[in-house]
Structure formats: structure tokens, C-alpha cells
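Below, chains carry the letters A, B, ... as their sequence lines are ordered, and counting in each starts from 1.
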Amino acid sequence: MLSENLYGDRKNTKDMKEKIRQIMLYAAEKAHNTEQLPSGDFPDFVIEEPKNPIHGDLSCNLAMLMAKMQKMAPRKIAQILLDHTDDAEGIIEKKEIAGPGFINFFIRPAAWLPVLRRIHAQGDDYGRSDMGKGEKVQVEFVSANPTGPLHVGHGRGAAVGDTVANILSFCGYDVQREYYINDSGRQIRTLGTSVFIRYQQLCGKDIPLGGDCYQGDYIRDIADMIRNEKGDRLLSGDAEEAVVLCARFAADFILSGIREDLESFGVRFDRWYSEQSLFDAGKVEQVMENFRKTGNLYEKEGALWFRTSDYGDEKDRVVVRSNGQTTYFASDIAYHQDKYERGLERVVDVWGADHHGYIPRMRASVMASGRKSEQFQVILIQLVSLLRDGEPVAMSSRAGEFVTLKEVVDEVGKDAARFIFLTRHYESRLDFDLALAKKKSNDNPVYYVQYVHARISSIMEKARERGIAPEDWQEEYLSALTEAEEIRLMKALSLYPETLETAAAMMEPHRLSYYLTDLASLFHSYYNKHKVLTDLPETTAARLCLIMAVREVIRNALSLLGVSAPEKM
RNA sequence: GCGCCCGUAGCUCAGCUGGAUAGAGCAACGGACUUCUAAUCCGUAGGUCGCACGUUCGAAUCGUGCCGGGCGUACCA
């Protein structure tokens, strides 16, 4: 039987760990007040799920951590703490002291039931939190140069950046997604040159394509488009103008392709920020002028240097070369200044790991304008190796033989691609096997998780067919949930909010993928052992309530990962 | 040389702001479909957590030093 306070208390929304933590804190204070514990100074302690179920549902290490400052044996402190616990809600079935001084709690099975009520009440919002307190955070990701199509590596960055943004947003941060377009500088000029040479070749001229030019077939395709539009006219005009025209045309065309590819990968940006616009608005010049005034810049050997070494970089860096051209760093400084001036409190850049050497100088420039180091964070994405059946797929962008993100998404699907990118810590290198990604088996966790959603949807459909309507599912029936697998599922469901908060705090989306796989595994086991639609109406109602909660959380988490939750598979 | 990342089961990887007997999937072997979807489940087997010291009640986790792999060390982007 369920007690009234477990069941009827509307404020009963704190998760189990937090409840135990409060009980322990209260016990510690009480023990100090009665002078059984000399010190009133309590260290940070953890409430965690022991790996071994023999140690209970939750475990607390407070007694061991206090041993030194209390000048007492951990087990003795544990006993004192236990003597002072006050379990007003009646959630604890058994508590014990174990090992060097752990305090283990065995939770009364029925005490997990409120999580179901909470999930049903909050629906899509279960797990949402205000931990971010509205902090304005920008996630800048992908930001690939518009000189060629996105490849798989960009895909990983896109999946991670997008999902980090989703998670932060769900956890109460005010998130903005931005793509920085490097549409200025030498590479764009090289792009123009490459296209113009192809154009001239198409017009019958025998001009070789230099080794430093972009070699991909798409360059010729673009040149062909220009020829269809302009005919041979560019041949007779000014060559410089022709290159500029080719560059602009090509960059615009490639960028719109990038947009489309990202769109079909489920990624959208709040803003596409052009590097060229920084120059056009005079912001690069302005920012350099400001830093000159504050003494952060100096001239040496004809070039202009930024004193990044004042802020931890190993040496100073050039912002204007002796030939008068600004470096990429210069516009990047201006760009980041602009971000903060727009009111962003924290800036997160998602970069390829090969750019890690760039972090100290970027951070230095941010700190030079008085921002705190923590206001600039970088997520470094490690390399993706593309395989097919374990064999490496050739990926030389120099020769233009790369496999594009679009090709991968077309072949394996958005869901599988995203999930695989998000099932590994981004700081680990990733082998992406195309054959594996298409396999509809356990090799491929995305189907494993989606299958849960489909299975539950199917059961719900069956329930409807049998005339079991959702509104008939009474909470009073929940006490029928007593199977070990049912308790395990409820425990897992109650872990979701803190999983999200950790994922947000550490900006590690893979935590969500692993959580999903765990939850899915628990469900599949349950499904194989117990029938949901039974002859007992109360049991059926209770189990439906449970699996609907599972479905809700699966759907919720998948949507944060940008993966669909199919009703049928 | 210096800096950063990685090193955990045969393979691919979780676990790393310290917690008790180190986990998952794949691959291997043996089982479960007349059932709400077998894209599933159950079981067996599989480990000096790269090595060595150190910190402490306790180390895969923290520190130092090695070893191995990758990346970076431009008046490139």
C-alpha cells in the first residue's frame, strides 16, 4: 500500500538522490547540535548508485570523508549519522553501514512510483531545468570554409555542436547557434582562381590547374554553371574581375549546398555570420585600433603583433603581416569581440582537434579585453575515419576524393549518422563504418533505442484496440508495479534529469546516448520477461503507465540528440 | 624539443570533479518466436585498466616520470 504522503504530495518532485542527501545533511546537523559530532563543517559528499546491488539502491560516503575533521572512525560516524536520520516520507526500507564506512540505503520499492507521476505530468518537459539561469551562451559550430562540400568530420562537429546546444537550451541556458563563414581571404581567392581556370578550360583554353588549386569535380560543375550563364564573356574581360566573380559565385553556391546538407542533417543556425561583413563594417580595423590603444599591439619587423603571451600564450602572434594583409587571427579577434559585444556571456567554439594550438591565442585575445577565461570555451572534435566493412575509405581532400556528409547521410540515414557521432566522447577518435551504420542490428545502437519507442507505441496501439483508454489508467493501480525489472526501470527514469544536467555541465552529449542505450536495454529485458497487456486490469494499467513513461523519456532524449522516434519499424 | 588528445576484454568504446568484486555492444559458444514487433532476450567465456613510483582509509580515475599512437607547434587558413 502506498502512503498518502508518497502519493498525494504534489511537491514531491525531488529525485531520490536529493532526498537522501537532505536526510544525510539533516542527520549531520542534528548530530552536531547534540554534540555527538564535534565539527559542524561538512564536506561535499556523494550519493551514488552502488555497482553491486548487494550494497543497496543508494550509497553515501559522508562518514568516510568526515573522519579526519571529526577525528573519529568512519564507521562510528556512520552509526551516529544513522542514529539521527529522519525519514519522514518513509522512503527507506533498510539502511546499513558497510565496508570502510559507507552508508547504504535500500529504498522502499513504492517510493520510486512518484517518478511516473512526474513524467506524466511534465511530459516533454521532464528533465528540463533552470540550471543555466538564462545565461546567454553561443555555440559556434561547423563554420566550414565555403570552398567545398561538408565531409564526415564536419558532420561530427555538426552533430555535437547541435546537440550540445539542444541540451544547454533544455537546461535553462539562453542558447544561440552560429555559423561563421570564412568568406574572405586567400582561400576564397584560390577558390575563384580554381573556378576561373576550369571555366577557361571549358571554353577551350589549355591552361593547367595548379597544384594549390581545389581539384574536386564540383569546381568544374560550378565553372560550367557560370559558362551557361555568362557564355565566353569572362574571357575577354578583366581577369581580376573574372576571378572575383567566380569566387563570389562559387562561395554562394557552395554555401547554399552546405545549408541544405545541414538542414537535412537536422541542423539549423540562428545566424550565419560573414567574415567579410566584419571588414565591410570596419570592425576589424576598429578592434585593432582599440587594442593598439590599450597597448596590446606592437610593431616588430614591419608586422603588427598581439601580446598574447601576456595572457598565457607561448609567444606573441601576428595580426597584420608586413605586406599589410591581416591574418585570419585578426578577423577572428574582431569576430569574438563582436560576440561579447552582442551580449553573450559565454562563447563555445566547436573546432577540429587539429586547431588546438589556436586556443591559447584566441583565449588571450578574449582575456585582453577583460573577459574571464571561462567565458571562452572550445570543444575539440577528434578525427573521423571512414570505413566500409572495416576497410578504410579513401579520403583525400587534396585530390578531391572525399566522401561528403551528404553522401553518408544519403546512405545510412540521418538518425544512424547522428547517433554514431554522439555515441563516443568527442575527444576520442571515431571510426565510422558505413556498412555497420546501415546494419539493422545491435551493432547499431540507434535502432536498439528506436525499437523501444516502436515497441511501446505498438503496445499502446494494441491497448487502444482493446478499448483500454489512457484516461482509465488510474494512479492507484501503480502499486501493482513490484517486479524487479519494473523497479529498475523506474530507477533509470528517475536518473534522467541528473544525466541531462551532467551532460549540460560538461557539454558531453554522449552521456545521453549511453543513458538511452541503458534505458533501452532495461526495457527490452522487461518486455521479454513480462507482458504488459495482461488479464489483470490493474496490472495492465500500471504497466501501461510505466511504459508510457519510458516512451516519453526515450522520445524526449532522442529529440535532444536530433534523432527521430518512430512509432513503427 | 615543447604543448594538447588518446592508450580499459580479441574488436569498437563507456566509466576518469577518487569509492566497495572494472562495464556495454560486437565477435565466439549454448539456449528462447503459436505470445504486446526476434531490429529482441537469457546464459557461458573473455581483464597485470600501457608501465613504474607517489598522494590516502580507498586509484582505471589525482600527481610525477617513462613507453606507444595521433595532432599541433607560420608574417597558413
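Looking only at atom types and distance, the side chain of Glu275(A) has a donor-acceptor partner in the side chain of Asn182(A) under 3.5 Å away. A donor atom on one side chain and an acceptor atom on the other are not found under 3.5 Å apart for His453(A) and Glu567(A). A donor-acceptor contact closer than 3.5 angstrom links the side chains of Asp316(A) and Tyr298(A).
The side chain of Arg361(A) places no N or O atom within less than 4.0 Å of a non-bridging phosphate oxygen (OP1 or OP2) of U73(B). Checking the phosphate oxygens (OP1, OP2) of U73(B), no side-chain nitrogen or oxygen of Tyr358(A) falls inside 4.0 Å. At C16(B), one or more side-chain N or O atoms of Arg511(A) fall inside 4.0 Å of OP1 or OP2 (strictly under the cut-off). Side-chain N/O atoms of Lys51(A) include one lying less than 4.0 angstrom from OP1 or OP2 on A20(B).
Remark on RNA chain B: of its neighbouring residues Glu508(A) and Pro50(A), the 5'-side contact belongs to Glu508(A), judged by nearest-heavy-atom nucleotide.
For the C1' atoms, the distance linking U35(B) with A20(B) amounts to 41 Å, nearest Å.
Using a distance-only test at 3.5 Å, with no hydrogens or angles considered, a donor-acceptor pair links the side chain of Ser513(A) to the main chain of Leu422(A).
Side chain of Leu533(A), nearest nucleotide from C75(B), C36(B), C41(B): C36(B). Comparing atom distances between the Glu301(A) side chain and each of G19(B), C75(B), C36(B) picks out C75(B) as nearest. If you check C13(B), C76(B), U40(B) against the side chain of His524(A), the one that comes closest is U40(B). In this structure, of A14(B), C36(B), C75(B), it is C75(B) that holds the atom nearest to the side chain of Lys315(A). Listed nucleotides A77(B), U12(B), A20(B) differ in distance to Thr327(A); the shortest reach to its side chain belongs to A77(B). The listed nucleotides are U17(B), C36(B), C71(B); the one nearest the side chain of Thr502(A) is U17(B). Considering only side-chain atoms of His510(A), the nucleotide from G72(B), A14(B), U40(B) that sits closest is A14(B).
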TODO: Before giving the answer on ring-ring contact (aromatic ring centres under 6.0 Å, His included), spell out for Phe306(A) and Phe291(A) the whole-Å C-alpha distance, their side-chain angles and the decisive distance to 0.1 Å.
DONE: CA-CA 8 Å; Phe306(A) 199 110; Phe291(A) 276 122; 4.9 Å; yes

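The base of A20(B) has none of its N or O atoms less than 3.5 Å from a complementary donor or acceptor on the side chain of Asn61(A). Applying the 3.5 Å distance criterion, the base of U21(B) shares a donor-acceptor pair with the side chain of Asn52(A). Remark: the Thr517(A) side chain and the A14(B) base include no donor-acceptor N/O pair separated by less than 3.5 Å.
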